[in-house]
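Written below as structure tokens is the structure these notes are about.
When a residue number appears, it is its place in the shown sequence, counting from 1.
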Amino acid sequence: LHDALPISTLALTFLTESPHVLLAGKRSGQIPLLDLRVDGGGRGGLRHASSVARVVQAGENTVVVAGLQDRMCVYDLRFLKEKWKKDATRPVARMWGHRNEARHDVDLAVDRGTGLVAAAQVEGGGGVRVFDGQSGVEVGYVAGGQVEGEYVRQVRFVEGKHGVEIGRASCRERVYG
């Protein structure tokens, strides 16, 4: 496994339904799917169109990948290919409103119950944008309120009195429900 995770690995996630399977997002945009039961980790994976900042499972067969150059996409794991190392994998949906040109430490969260994806934004005023995980359409925005040059570093969905809320730093905003 050590050889399969070189220094350029920036994002890791285990699959909930298969806890022995790991996705490892790399600076190159490659996201190998590693089966810890197989010597050498197995074969196949995805390729994101930019360097990978975060990989989060969105459904049984889908993952959301956020990267640099404002690229955040949903991929279907049932369409893994052997040629993943060269060409970018075709996403199921792209979040066109996502804004992160060059940071690897920007967070995202997925609420599997509603299918919503919340992603911290660096450019465009900061804050958190909320997207429909199936279509990629932006459905909400929570203003940042940070000082110039700062941005939200951690995003989580939490259950609130009035439905699903986004938890960020020390405040909550209602986004759905």
Within a reach of under 6.0 Å around CD of Gln134, are more than 12 heavy atoms found that belong to other residues, nucleotides or ligands? no

Heavy-atom pair with the smallest gap, counting every atom of Asp76 and Thr62: CA-CG2, 4.3 Å

Residue pair Thr13 / Gln57: nearest heavy atoms and the distance that separates them: OG1-N, 4.5 Å

Quick one: which residue pairs count as a ring-ring contact (aromatic ring centres under 6.0 Å, His included) with a foot in residues 51-71, not counting sequence neighbours? none

Where Ala58 and Val64 come nearest, the two heavy atoms and their spacing: CB-CG2, 3.8 Å

Pairwise distance CG(Leu77) to CD(Glu60) - rounded to 0.5 angstrom: 10.0 Å

Flag side-chain contact, heavy atom, 4.5 Å: Ser8 against Gln30: no

State, with a plain yes or no, whether a side-chain heavy atom of Val21 is found less than 4.5 Å away from one of Leu36. no

Same cluster or not: Leu33 versus Ile31, using hydrophobic residues (I, L, V, M, F, W, Y) connected whenever any side-chain heavy atoms lie under 4.5 Å apart? yes

Taking all atoms of both residues into account, what is the closest heavy-atom pair of Gly133 and Met95, and its distance? CA-CE, 4.2 Å

Please check if Val155 and Leu108 belong to a single hydrophobic cluster, counting links between Ile, Leu, Val, Met, Phe, Trp and Tyr side chain heavy atoms closer than 4.5 Å. no

Go through the structure and list residues passing salt bridge (Lys or Arg N to Asp or Glu O under 4.0 Å) with Glu138, not counting sequence neighbours. Arg129

Where is the tightest heavy-atom contact between Leu34 and Ala24, given as atom of each residue plus distance? CD1-CB, 4.2 Å

Are the side chains of Arg94 and Met72 in contact, using a 4.5 Å heavy-atom criterion? no

Could you tell me which residues satisfy salt bridge (Lys or Arg N to Asp or Glu O under 4.0 Å) with Arg90, sequence neighbours excluded, listed by chain and number? none

Distance-minimising heavy-atom pair for Cys73 and Pro91: CB-CB, 3.6 Å

Using the salt bridge (Lys or Arg N to Asp or Glu O under 4.0 Å) criterion, which residues pair with Asp107? Sequence neighbours excluded. Arg54, Arg156

Under the side chain to side chain contact (heavy atoms under 4.5 Å, CB included) criterion, do Val117 and Phe157 qualify, and how do the steps go? CA-CA 9 Å; Val117 177; Phe157 281 100; 5.9 Å; no

Ser50 side-chain N/O to Gly67 backbone N/O, donor-acceptor pair under 3.5 Å: no

Taken to the nearest 0.5 Å, the spacing of Phe131 CZ from Trp96 CH2 works out to 12.0 Å

Does the side chain of Leu10 come within less than 4.5 Å of Val52's, by heavy atoms? no

Consider only side-chain heavy atoms of I, L, V, M, F, W and Y, link residues closer than 4.5 Å, and tell whether Leu23 and Val65 are in one cluster. yes

Looking at side-chain heavy atoms only, is the closest gap between Val63 and Leu46 below 4.5 Å? yes

Sequence neighbours left out, what passes side-chain hydrogen bond (donor to acceptor under 3.5 Å, both in side chains) with Ser51? Give chain and number order. His104

Check step by step if side chain to side chain contact (heavy atoms under 4.5 Å, CB included) holds for Leu22 and Asp35. CA-CA 6 Å; Leu22 174 71; Asp35 189 333; over 6 Å; no

Could you note down all residue pairs passing ring-ring contact (aromatic ring centres under 6.0 Å, His included) where residues 17-76 supplies at least one of them, sequence neighbours left out? His48-Tyr75

Could you tell me whether a side-chain N or O of Ser18 sits under 3.5 Å from a main-chain N or O of Leu15, the two making a donor and an acceptor? no

Evaluate side chain to side chain contact (heavy atoms under 4.5 Å, CB included) for Arg112 paired with Thr16, printing each intermediate quantity in order. CA-CA 11 Å; Arg112 289 181 73 173; Thr16 304; 3.5 Å; yes

